[in-house]
J.: 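Got a structure for you, written out below as structure tokens; questions coming shortly.
Proteins come first, then strands; the chains are lettered A, B, ... in the order of their sequence lines, and each starts at number 1.
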Number of protein chains: 2
Amino acid sequence: MPRTPEKAGYSPKRKPPPSAAEETGPGSPGCSLPQVEEALRLLEGRWKLVILFHLLHTPVLRFSELERGIPGVSQKMLIQQLRELERDGLVVRTVHPQVPPKVEYSLTGFGQALLPTLRALRDWAALRKAPALAERG
Amino acid sequence: MPRTPEKAGYSPKRKPPPSAAEETGPGSPGCSLPQVEEALRLLEGRWKLVILFHLLHTPVLRFSELERGIPGVSQKMLIQQLRELERDGLVVRTVHPQVPPKVEYSLTGFGQALLPTLRALRDWAALRKAPALAERG
DNA sequence: CAGCATCCTACGGGATACTG
DNA sequence: CAGTATCCCGTAGGATGCTG
């Protein structure tokens, strides 16, 4: 993102609404919708879930392994998404100071906590082939 | 998307890889990664999960209700995401032929099947405040 | 009320080339 | 090997205005 010289935090017209803590009332779905929305942002990005799926299956993976494991991704995207996941506390990046560089990625506790979600997601994905699914609920 | 007069299906350089059913082997994470990836696409979009959360909480909602329930969204986006969800078989759109138009949205069986996933996601989101979460997994 | 149409910008994300 | 830098396109998505 060299287009903005700074950190490019981005905060324009997007969330101009009132103060905050407003939908957090008792009438909101589940528990606190905005809190969920916030967490959802951490997972946005075409490759994040895929990366997490891989790291959940293989606890430690180096960059090249991830790259090979996710055929459609470019290094730029892989790096970018990994950095965001790291910044958001989902993934740990470990650099081994060697001559041929070696960097390994693994999940934090927070990242591992996604296990139930990803498992449910996988099961849901499997439903797409199930014929017993009535189209009209 | 009036820029492309047609349906603008979009299919450029995105998925040029081999045939398919290749990672579906026994060595892949969980079950079949590409299948999960495919299902993941149905949920992409800034507002889709939020919409689904709302519809899971309130089974039937009209357009204006959703609009009010999701403060940050624009009508354009709301419509667009709803249409995609409808097209992908997650949501049903029911038009009531009245003078002041009335359109209601609800989940299909497939959409309702996301309940466990969304629940897990909500629980995970709640973890962000939990102090007992070691940053290094 | 529910939606379509249009314009416009920022971001997502791919391709390629270069570096420690 | 594991990135960084740059160029570039297409899409996401906001703002506004109009319609049945």
J.: Looking at B:Glu86 and B:Arg83, is there a salt bridge between them, counting it only when a charged N and a carboxylate O are closer than 4.0 Å?
T.: yes
J.: Do the side chain of A:Thr108 and the main chain of A:Leu90 share a donor and acceptor less than 3.5 angstrom apart?
T.: yes
J.: Could you label the plane-to-plane angle of the A:Tyr105 and A:Phe63 rings as parallel, tilted or perpendicular, counting under 30° as parallel and over 60° as perpendicular?
T.: tilted
J.: Any idea which of C:dG13, C:dG3, D:dG3 is nearest the A:Arg46 side chain?
T.: C:dG13
J.: Treating A:Gln81 as the side-chain partner and A:Leu78 as the backbone partner, does any N or O pair qualify as donor plus acceptor under 3.5 Å?
T.: no
J.: Does B:Gln81 reach a base, just sugar-phosphate, or nothing at all? Heavy atoms under 4.0 Å.
T.: sugar-phosphate
J.: Does B:Arg62 put a side-chain nitrogen or oxygen below 4.0 Å from OP1 or OP2 of C:dA2?
T.: yes
J.: Between A:Ile79 (CD1) and D:dT6 (P), how many Å, whole number?
T.: 16 Å
J.: In terms of side-chain heavy atoms of A:Ser64, which of D:dA2, D:dT4, C:dA2 is nearest?
T.: D:dA2
J.: Measure from the side chain of B:Trp47, starting at C-beta and using heavy atoms only, and say which of D:dG14, D:dG3, C:dG14 lies closest.
T.: D:dG14
J.: In whole angstroms, how far is the P atom of C:dA2 from the CG atom of B:Leu66?
T.: 10 Å
J.: Within the sub-3.5 Å range, which N or O atoms of nucleotides 16-20 of chain C have a protein N or O partner, and how far apart are they?
T.:
none

J.: How close do B:Leu49 and B:Leu43 get, heavy atom to heavy atom, and via which atoms?
T.: CD2-O, 3.2 Å
J.: Between A:Arg93 and D:dA2, is there a side-chain N or O to OP1/OP2 distance below 4.0 Å?
T.: no
J.: Rounding to an integer number of Å, can you tell me how far B:Leu82 CG sits from C:dA2 P?
T.: 11 Å
J.: Write down the distance between CE (A:Met77) and P (D:dT4), rounded to a whole number of angstrom.
T.: 13 Å
J.: Can a salt bridge be assigned to the pair A:Glu38 and B:Arg128 using a cut-off of 4.0 Å between side-chain N and carboxylate O?
T.: yes
J.: Please answer whether the main-chain N or O of B:Leu115 pairs with a side-chain N or O of A:Trp124 as donor and acceptor at a distance below 3.5 Å.
T.: no
J.: Rounded to whole angstroms, how far apart are CG on A:Leu78 and P on D:dC1?
T.: 14 Å
J.: Rounded off to whole Å, could you give me the CD-to-P distance for the A:Gln80 and D:dT6 pair?
T.: 15 Å
J.: Rounding to an integer number of Å, can you tell me how far B:Glu104 CD sits from C:dA2 C1'?
T.: 13 Å
J.: Taking CZ from A:Arg83 and C1' from C:dG13, how many angstroms apart are they, rounded to a whole number?
T.: 17 Å
